[in-house]
Amino acid sequence: MSFFSDRLVAWQRSSGRHGLPWQNTRDPYRVWLSEIMLQQTQVKTVLGYYARFLEVFPSVDALAHASVDEVMPLWSGLGYYSRARNLHRAAQMVVAQFNGQFPSDPDLLVQLPGVGRSTAHAIAAFCFGVQRSIFDANVQRVMARYLGFEEDLASASAIKTLWAKAEALVPKQDGVNAMPAYTQGLMDLGATVCTSKRAHCGACPVAGDCQARLKQLTHVLPRKTRKLKRSSSTWYWLVLCRDQHHQCDSQSSIALPQLALHKRPDKGIWAQLYAFPTFEDEAALLLAWQNLGGQAGGLDWQPGFRHVLTHKDLNLVPVVAQLPSQAAPSVQMVGHGDMPLGHLEWVDVDQLIQGRWALPAPLLAWLKHSTFADTDKMC
DNA sequence: AACGCGGGGAC
DNA sequence: GTCCCAGCGTT
């Protein structure tokens with residue numbers, strides 16, 4: 001029990017986390033999915049998404065044969081949506097290039113889109129006992145403190161150096177038995193004991209030779225100079241365009257209200273998700289509205305609301321628009337900054353509310369809580 | 001090396 | 001409010 005890894009493995013088995021749904025399995029598909037969802041995302045948030053995803057796509061084969069439009073709604077609200085697109089592409093790669101079986105070699109795993117070096121090591125360690133180290137923020141903190149590593153982790157060379165030291169600490173023997181517990185132990189220690197704000201050294205299995213504790217540096221390490229810069233808030237105007245052809249009146253049979261969506265561009269915020277036509281200023285909105293044949297007074301400005309992102313605040317203003325009867329239901333619309341809009345998709349409000357389309361979380365939340373979602377009030 | 005990318009939680 | 005979190009891809 002003298003080695004770091006021995007102590008950590010024993011601690012994980014006695015005091016670590018064991019009941020999480022992606023634990024107690026060596027199914028690479030399930031482990032991989034959990035690792036991707038957990039990137040920059042907390043356990044509590046992931047739980048629901050993970051269960052729903054596996055219910056719809058229980059295997060890598062099922063995921064590979066789906067369309068990306070079936071995958072994205074299951075990610076709606078989770079953030080970092082490129083993860084979902086990479087997940088889908090990676091599933092197709094596993095089927096096409098690895099015969100449906102995840103490889104155990106981290107050098108091959110890292111070729112999958114969305115799988116970086118740390119995630120590749122996690123999959124290899126959990127599923128195949130490969131003796132390589134993960135290196136997420138938890139491990140960086142644990143290692144910087146345990147080793148008394150004082151270099152600035154904003155530097156790439158410092159990261160490289162510390163990662164190499166982490167690799168040197170992995171269990172030397174019986175990887176298949178030890179690596180899953182060891183890897184989980186690193187994460188658990190960082191999440192529950194050696195936490196960012198405070199190190200609970202009394203509960204730590206390796207406090208005895210922790211250099212940060214011995215030098216009273218736990219509150220200083222890890223050093224990381226990079227500061228988060230928040231840019232100023234931005235405004236978006238969102239057009240909620242009703243379909244005239246489905247408007248309710250006393251003569252028509254029951255028709256479902258529909259709204260126009262368009263697919264966001266490949267890059268930038270909400271990339272490739274579906275959103276209401278979005279404009280960065282009122283002039284662009286009005287120009288597009290004019291191009292559509294809209295009339296003055298056909299727009300109803302709703303109260304705006306704020307949505308906070310990591311790097312900036314969004315001020316979102318919904319504008320309800322009544323499309324003129326002569327306009328085609330599908331129209332090429334220009335005026336989204338310098339980005340041409342594609343054809344609009346007309347979608348039942350029901351389907352939006354039920355999460356069948358991949359809307360950004362704030363748009364879906366607003367729709368659900370607005371009177372606009374109430375069919376009666378549309379007539 | 002710096003930056004963009006969502007959302008939620010802790011304090 | 002600020003900072004953090006099972007990071008990765010792009011420039």
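Within every chain, numbering begins at 1; the chains are lettered A, B, ... in the order of the sequence lines, protein sequences first and strands thereafter. Any value given below was found using the heavy atoms of this structure, including those in side chains, with hydrogens, waters and symmetry copies removed.
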Any chance the side chains of [X] and [Y] put a donor and an acceptor closer than 3.5 Å?
X       : Y       : answer
R306(A) : S233(A) : no
N86(A)  : R83(A)  : no
E151(A) : T161(A) : no
D152(A) : T225(A) : yes

Measuring to OP1 and OP2 of [N], would you say a side-chain N or O of [X] lies under 4.0 angstrom away?
X       : N      : answer
K267(A) : dG9(C) : no
S34(A)  : dA6(C) : no
Q40(A)  : dG7(C) : yes

Please classify the nucleic acid contact of [X] as base, sugar-phosphate, or nothing, using heavy-atom distances under 4.0 Å.
X       : value
I269(A) : sugar-phosphate
G190(A) : nothing
T45(A)  : sugar-phosphate
R85(A)  : nothing
V115(A) : sugar-phosphate
S196(A) : sugar-phosphate
W22(A)  : base
A361(A) : sugar-phosphate

Using whole Å, what does the distance between atom [atom2] of nucleotide [N] and atom [atom1] of [X] come to?
X       : N      : atom1 : atom2 : answer
L87(A)  : dC8(C) : CG    : C1'   : 13 Å
Q140(A) : dC5(C) : CD    : P     : 9 Å
L112(A) : dG7(C) : CG    : P     : 18 Å
R132(A) : dA6(C) : CZ    : P     : 21 Å
L109(A) : dG7(C) : CG    : P     : 17 Å
K224(A) : dT2(C) : NZ    : P     : 18 Å
E35(A)  : dA6(C) : CD    : C1'   : 5 Å
L38(A)  : dC8(C) : CG    : C1'   : 15 Å

Main-chain N/O of A271(A) paired to R85(A) side chain as donor or acceptor, under 3.5 Å: yes
Under 3.5 Å donor-acceptor, Q12(A) side chain and L186(A) backbone: no
Test item: W237(A) and L286(A) side chains (from C-beta on) under 4.5 Å apart, heavy atoms: no
Outermost nucleotides of DNA chain B that come under 4.0 Å of a non-hydrogen atom of chain A: dA1(B) to dG9(B)
Rounding to the closest angstrom, what is the interatomic distance between [N] and [M] at atom [atom1]?
N       : M       : atom1 : answer
dT10(C) : dG6(B)  : P     : 14 Å
dA6(C)  : dA10(B) : P     : 13 Å
dC3(C)  : dC3(B)  : P     : 15 Å

Along DNA chain B (nearest heavy atom to each residue), the more 5'-positioned of L78(A) and S157(A): S157(A)
Nearest-nucleotide comparison on DNA chain B, the residue closer to the 5′ end among A156(A) and V308(A): A156(A)
Carboxylate-amine/guanidinium contact R132(A) D107(A), below 4.0 Å: no
Which residue lies more 5' along DNA chain C, comparing T119(A) with K197(A) via nearest heavy atoms: K197(A)
CG on L316(A) to CZ on F276(A), rounded to 0.5 Å: 11.0 Å
